[in-house]
Amino acid sequence: MAAYVASKWGLEGFVTALQMELEGTGVRAVIVRPGPTLTGMGMDWDPDVTGQMLAEWARWGLARHTALLRPEDVASAIAHAVAAPRGSHLSVVEVQPEAPLAPLGAEGAP
């Protein structure tokens, strides 16, 4: 995970520098932080390794529940950032999966 996380931080630093360098040019750069997303990544992993990784994500606070984003959810967030009207700038967009809905009457349900 260390190399993966380091690459993410490097990209965020790069985009932050771009945002400053491009300010006033009309060109905008945005950081999109997608949460756990249902992709092909990890589909061929050993189930025990996947279970350990998911447990680590929960321990580190990276996942609070088992729901995943769909790729189109992330694409929609990117489209909204790109479509922001001139004069506004979404510099960071974080997209997280919504927790599964609790059945009505269940403990913790509204």
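Heavy atoms only: backbone and side chains are in, while hydrogens, waters and symmetry mates are out. In this text the structure is predicted, and so the values were computed from the model without any measurement.
- Put simply, OG1 on T16 and CG on L11 are 10.5 Å apart, with the number rounded to the nearest 0.5 Å.
- When the side-chain contact (heavy atoms from CB on, under 4.5 Å) test is applied to D46, the partners found at least two apart in sequence or on another chain are D48, V49.
- Residues V32 and V82 share a single hydrophobic cluster, defined by chaining ILVMFWY side chains whose heavy atoms lie under 4.5 Å apart.
- At most 12 heavy atoms of other shown residues, nucleotides or ligands fall within 6.0 angstrom of atom CD in E98.
- The only member of V92, V95, V93 that meets side chain to side chain contact (heavy atoms under 4.5 Å, CB included) when paired with R33 is V92.
- At a threshold of 4.5 Å between side-chain heavy atoms, the hydrophobic network of Ile, Leu, Val, Met, Phe, Trp and Tyr places L90 and V15 in two separate groups.
- Two residues are said to be in side-chain contact when any heavy atoms from C-beta on lie closer than 4.5 Å; P34 and Q96 fail this criterion.
- Minimum interatomic distance between A67 and P97 (heavy atoms only, all atoms of both residues): O-CG, 3.4 Å.
- When the shell of 6.0 Å around NE2 of H80 is examined, it contains 12 or fewer heavy atoms from other residues, nucleotides or ligands.
- If you chain together hydrophobic residues whose side chains sit under 4.5 Å apart, I78 and L69 fall into the same group.
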Could you pull out every donor-acceptor pair under 3.5 Å between side chains of residues 21-30 and any protein atom, sequence neighbours left out?
from, atom 1, to, atom 2, distance (Å)
T25, OG1, L22, O, 2.6
T25, OG1, V27, N, 3.1
R28, NH1, A84, O, 3.1
R28, NH1, P85, O, 3.3
R28, NH1, S88, O, 2.7
R28, NH2, A84, O, 2.9

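- Counting heavy atoms from C-beta on, the side chains of M53 and E56 never come closer than 4.5 Å.
- Here T39 pairs with T37, M41 under the side-chain contact (heavy atoms from CB on, under 4.5 Å) rule; sequence neighbours left out.
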